Amino acid sequence: MLQLNKIHHIAIICSDYQKSKTFYTSVLGLTIIQEIYRQERQSYKLDLALNGEYVIELFSFPNPPKRPSTPEAAGMRHLAFEVNDIQKTRDYLVNKNITAEAIRIDEFTQKSFFFIADPDKLPVEFYEK
């Protein structure tokens, strides 16, 4: 039987590298593990960590094609982060001029959650612990 240990990382291709780098580091607070510029591909590769764990590989490429996100396009649906205080998280993001949906309650778990969009309009969810 196949044994998976954990999700190693999530790769994201962005359209504006500096804007996305700022969003994932300064707004969401992920830390940079390493940043590499690959001249032959005209591409940055930024490895980001959450609480010391490698979680996101952020790429830039010249003129990447758009990927539909809404309405509910097929493929990866969203990235979700667990948080301790959903209201404090939403308030923090709104104070950073991030548009946030209203807090909702998951009908199955009764946990609170809400969504924002990253600079490329990819959905990012925050889910209360």
Side-chain angles (χ1 to χ4, degrees):
M1 175 167 205
L2 178 66
Q3 181 179 345
L4 302 177
N5 294 327
K6 64 179 184 175
I7 293 175
H8 188 267
H9 69 274
I10 298 160
I12 299 171
I13 298 172
C14 63
S15 62
D16 183 324
Y17 179 71
Q18 289 305 323
K19 194 174 191 178
S20 291
K21 178 181 175 182
T22 298
F23 174 80
Y24 284 99
T25 58
S26 298
V27 176
L28 296 188
L30 301 182
T31 56
I32 297 172
I33 299 170
Q34 71 176 346
E35 181 177 34
I36 300 166
Y37 182 73
R38 302 173 304 173
Q39 182 66 42
E40 72 283 359
R41 300 178 96 180
Q42 299 177 320
S43 169
Y44 279 96
K45 178 184 178 295
L46 182 66
D47 295 332
L48 298 168
L50 174 63
N51 299 323
E53 294 287 325
Y54 176 45
V55 292
I56 292 180
E57 186 176 43
L58 184 66
F59 288 103
S60 70
F61 292 106
N63 304 310
K66 297 263 185 228
R67 179 175 295 155
S69 180
T70 56
E72 298 296 341
M76 185 71 72
R77 185 165 186 222
H78 62 264
L79 170 64
F81 292 100
E82 179 184 274
V83 299
N84 290 327
D85 186 321
I86 201 76
Q87 187 64 58
K88 187 182 274 188
T89 301
R90 187 179 184 285
D91 291 346
Y92 168 83
L93 292 165
V94 168
N95 286 333
K96 292 278 193 179
N97 294 316
I98 304 293
T99 301
E101 292 183 354
I103 294 172
R104 296 182 272 162
I105 303 296
D106 183 310
E107 64 182 295
F108 300 108
T109 66
Q110 300 306 304
K111 300 283 186 170
S112 299
F113 70 99
F114 71 92
F115 283 88
I116 64 168
D118 85 347
D120 286 298
K121 308 291 184 239
L122 299 174
V124 179
E125 179 183 16
F126 296 88
Y127 199 90
E128 195 162 50
K129 183 176 181 179

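In this text the structure is predicted, and so the values were computed from the model without any measurement.
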Inter-residue atom distance Lys88.NZ - Arg90.CZ, 0.5 Å rounding: 16.0 Å

Look at the side-chain heavy atoms of Ile, Leu, Val, Met, Phe, Trp and Tyr, link any pair under 4.5 Å apart, and say whether Ile13 and Leu122 land in one connected group. no

Got Thr25 and Ile32 here, is their nearest side-chain heavy-atom distance under 4.5 Å? yes

Heavy atoms only: give me the nearest Ser26-Lys96 pair and the separation to one decimal. O-NZ, 4.0 Å

Heavy atoms of Arg77 and Pro123 approach each other most closely as O-CG, 3.1 Å

Do the side chains of Asn51 and Thr31 get nearer than 4.5 Å, heavy atoms only? no

What I'd like to find out is whether the side chain of Asp16 reaches to under 4.5 Å of the side chain of Pro119, using heavy atoms alone. no

For residues Leu48 and Ile10: do they belong to one hydrophobic cluster (side chain heavy atoms under 4.5 Å, members Ile, Leu, Val, Met, Phe, Trp, Tyr)? yes

Is there a path from Ile86 to Ile98 through hydrophobic residues (I, L, V, M, F, W, Y) whose side chains come within less than 4.5 Å of each other? yes

Consider only side-chain heavy atoms of I, L, V, M, F, W and Y, link residues closer than 4.5 Å, and tell whether Leu50 and Tyr127 are in one cluster. no

CD1 of Ile7: more than 12 outside heavy atoms within 6.0 angstrom? no

Does atom CZ of Arg38 have more than 12 heavy-atom neighbours, drawn from other residues, nucleotides or ligands, at distances under 6.0 Å? yes

To the nearest 0.5 angstrom, please state how far the CG atom of Asn84 sits from the NZ atom of Lys129. 5.5 Å

Is there side-chain contact between Ile116 and Phe23, with heavy atoms separated by less than 4.5 Å? yes

Work out which heavy atom in Pro62 is nearest to a heavy atom in Arg41; give both atom names and the distance. CD-O, 3.7 Å

So do Gln34 and Lys45 actually touch side chain to side chain, heavy atoms under 4.5 Å? yes

Side chains of Asp47 and Glu57 in contact at under 4.5 Å (non-hydrogen atoms): yes

At what distance, to the nearest 0.5 angstrom, does OG of Ser20 lie from CG of Asp118? 5.5 Å

With Phe114, which residues qualify under ring-ring contact (aromatic ring centres under 6.0 Å, His included), at least two apart? Phe126

Considering all heavy atoms of both residues, which atom of Glu125 and which atom of His78 are nearest to each other, and what is their separation? OE1-NE2, 2.7 Å

Knowing that exactly one of Ser15, Ser43, Cys14 qualifies, which makes a side chain to side chain contact (heavy atoms under 4.5 Å, CB included) with Phe61? Ser43

Between Arg104 and Glu101 the two heavy atoms that sit nearest each other are NH2-OE1, 2.9 Å

Using 30° and 60° as the class boundaries, would you call the ring planes of Phe113 and Phe115 parallel, tilted or perpendicular? perpendicular

Fellow cluster residues of Met1, listed by chain then number, with links counted only when side-chain atoms sit under 4.5 Å apart: none

Is there a path from Ile33 to Phe59 through hydrophobic residues (I, L, V, M, F, W, Y) whose side chains come within less than 4.5 Å of each other? no

Answer whether the closest heavy-atom distance between the side chains of Tyr24 and Leu46 falls below 4.5 Å. no

I'd like to know if the side chain of Tyr92 and the backbone of Leu28 have a donor-acceptor N/O pair within less than 3.5 Å. no

Between Ser60 and Tyr44 (side chain of the first, backbone of the second, donor and acceptor by atom type, cut-off under 3.5 Å), is there such a pair? yes

Correct closest heavy-atom pair for Gln87 and Ile103 would be OE1-CD1, 3.3 Å

Which residues pass the side chain to side chain donor-acceptor pair (under 3.5 Å) test with Glu35, not counting sequence neighbours? Tyr17, Lys21

